[in-house]
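Input: a single structure, listed below in C-alpha cells.
Numbered from 1 within each chain, the chains take letters A, B, ... in sequence-line order. On a predicted model such as this, the values are computed, not experimentally measured, just so you know.
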2 protein chains.
Amino acid sequence: MSTATGKRTSAAAPPTRNTIQRALVLEAVRSLHNHPTSADVYDVVRAKHPNISRATVYRNLGVLANRGEVLRVEVPNGADRYDFFNEPHYHGKCRVCGGVFDIDMPYQENLLAQVVDSYGFTIEGHEIIFDGVCADCRAAAQRG
Amino acid sequence: MSTATGKRTSAAAPPTRNTIQRALVLEAVRSLHNHPTSADVYDVVRAKHPNISRATVYRNLGVLANRGEVLRVEVPNGADRYDFFNEPHYHGKCRVCGGVFDIDMPYQENLLAQVVDSYGFTIEGHEIIFDGVCADCRAAAQRG
DNA sequence: ATAAATGCAAACGTTTTGCAGATCT
DNA sequence: AGATCTGCAAAACGTTTGCATTTAT
C-alpha cells in the first residue's frame, strides 16, 4: 500500500528487474508439468544458459513465488516443488518414489469451521498432503 | 507372519534390544510436550548421558516412530518434530518462529470422499498443516 | 556367540549467504 | 549512478551412512 505522497508505508518491496535468468527460470517452471524441484529447473535452464548458478535459480524461484507467478509446494522431507500457478489445490506424495502429484479435490473452505481449539494460533491458510503410492510405483509393486 | 518352522517369510523385522539410549530417547520425547525436534531430544538426553551421539538419537527416533511409540510429524521446510502419540491430529506451523502447535480438530475421515480425481495415486492417509502465526509471535507483533 | 546398537566422523541433499563484480533501469 | 542481480564458493541445516567397537540377548 502507498501513501498519498507515493512513499511506501512499510516493508517496501524493492523494484525488480527483468533478467534473462529470471525469464528462463519462469519459462522452465511453465514448461515442466510434473512439479519440478529446483534441481529440475536448474537442469532445464542450464541447457540454454550454461553459466547460471544454483543460487540464482533458488533466488529467482523465491521471487517468482513471492510474486505469485509460480506456486511453491513445500513437501515434508523432500525438496520444494514448483508449479505454474493455477488455483490452490492439493497434492499427494508417493511414499515409494517421493514424487509429488496433483489431487483433484475442491478447496476446503469449511476446514476452519471445524477447528475446535487452535490454542491461540491464528490460522491463515492450510495445506493438505496426501500420503500414498503413485500409479507407476503401484504398478511396479504389482509386477513384483 | 511366520512359517511352521519359525522362519520369517519376508521383510522380517529384526529383534530389538533395550538400550539405555533408546529408553532415554523415549523418555525425553514423553517429557517434552512442545513437539520437540531431534535437536531438542538430543539436548535433553545428553544432560543425563553426555556421550550419546546425534546418530543414535536419530536412529532411535526412527525405530520408536516405526513401532508407533512416538509420533513423527513431518514439517515442510523444517526439522521433523516428535510427539508422544495420542491420536491422529493436526498441526499449525508458525510462519514467524517456525514452531509447531497442535490444532484441535476432529479427524477428517470424509476427506477421501471429496477427492474428485487422484490420477491413479492410491491415497493411504493425509496430513493437514495449518499456516499462521502462533500466540506469542502475534503478541510480539502487536507490541510492535 | 552373534547380531544389534553405539559413537564417531564423514558424506549427503537442499537451501542460504557473503561478497566482488556485472547488469538492468 | 545506483541499486539489483549474478556467479562463485562457503556455510548452514537436518539427516544418513560406513565402519570399528561395544553390548544386549
Inset, instruction - Examine A:V70 and A:L24 and state if one hydrophobic cluster contains both, with Ile, Leu, Val, Met, Phe, Trp and Tyr joined whenever side-chain heavy atoms are less than 4.5 Å apart. - result: yes
Inset, instruction - Using only side-chain N and O atoms of A:Q21, determine if any of them is under 4.0 Å from OP1 or OP2 of C:dT23. - result: no
Inset, instruction - State, without any angle test, whether B:R22 and B:T16 hold a side-chain donor-acceptor pair at a distance under 3.5 Å. - result: no
Legend entry - Length of the CG-P vector between B:N66 and C:dA4, whole Å: 15 Å
Inset, instruction - Give me the bend of the helix from C:dA1-D:dT25 to C:dT25-D:dA1, using the axes of the five pairs at each end, rounded to 10°. - result: 30°
Legend entry - A:D40 CG - C:dT15 P separation (whole Å): 11 Å
Inset, instruction - Rounded off to whole Å, could you give me the CZ-to-C1' distance for the A:R22 and C:dA22 pair? - result: 15 Å
Inset, instruction - Can you tell me the distance, in whole Å, between the CG atom of A:N60 and the P atom of D:dT6? - result: 5 Å
So which protein nitrogen or oxygen atoms get under 3.5 Å of nucleotides 8-12 of chain C's nitrogens or oxygens?
none

Inset, instruction - Give the B/S/- string for nucleotides 20-25 of chain D, one per nucleotide from 5' to 3', where a protein heavy atom under 4.0 Å of the base yields B, of only the sugar-phosphate yields S, and otherwise -. - result: ---BBS
Inset, instruction - Take the protein atom CZ of A:R54 and the nucleotide atom P of C:dT17, then report the distance between them rounded to whole Å. - result: 18 Å
Legend entry - Check against side-chain contact (heavy atoms from CB on, under 4.5 Å), B:V25 and B:T56: CA-CA 9 Å; B:V25 167; B:T56 297; 5.8 Å; no
Inset, instruction - Could you tell me the separation between the CG atom of B:D80 and the C1' atom of C:dT14, rounded to a whole number of Å? - result: 14 Å
Inset, instruction - For the residue pair A:V73 and A:E127, establish whether any side-chain heavy-atom pair is separated by less than 4.5 Å. - result: yes
Inset, instruction - Would you check, one step at a time, whether the test side-chain contact (heavy atoms from CB on, under 4.5 Å) holds for A:E27 with A:K48? - result: CA-CA 11 Å; A:E27 186 184 312; A:K48 284 193 180 175; 2.8 Å; yes
Legend entry - B:V116 side chain reached by A:M105 side chain, heavy atoms, under 4.5 Å: no
Inset, instruction - In whole angstrom, give the distance that lies between atom CZ of B:R72 and atom P of D:dG14. - result: 15 Å
Legend entry - Position toward the 5' end of DNA chain C (nearest nucleotide), B:N77 or B:T56: B:T56
Legend entry - Side chains of A:D83 and A:H89 in contact at under 4.5 Å (non-hydrogen atoms): yes
Inset, instruction - Tell me yes or no: between the side chains of A:H91 and A:D102, is some donor less than 3.5 Å from an acceptor? - result: yes
Legend entry - B:R95 atom CZ, over 12 foreign heavy atoms within 6.0 Å: yes
Inset, instruction - Compare all side-chain heavy atoms of B:D136 with those of B:C97 and state whether any distance is below 4.5 angstrom. - result: no
Inset, instruction - Please check if the side chain of A:Y90 supplies one atom and the backbone of A:Q108 the other of a donor-acceptor pair under 3.5 Å. - result: yes
Inset, instruction - Please state how far atom CG in A:L61 lies from atom C1' in D:dC5, giving the value in whole angstrom units. - result: 15 Å
Legend entry - Sub-4.5 Å side-chain heavy-atom contact between A:I128 and A:I103: no
Legend entry - Side-chain N,O (A:Y58) to OP1/OP2 (C:dT15) below 4.0 Å: yes
Inset, instruction - Answer yes or no: does a side-chain N or O of A:T37 lie under 4.0 Å from OP1 or OP2 of C:dT14? - result: no
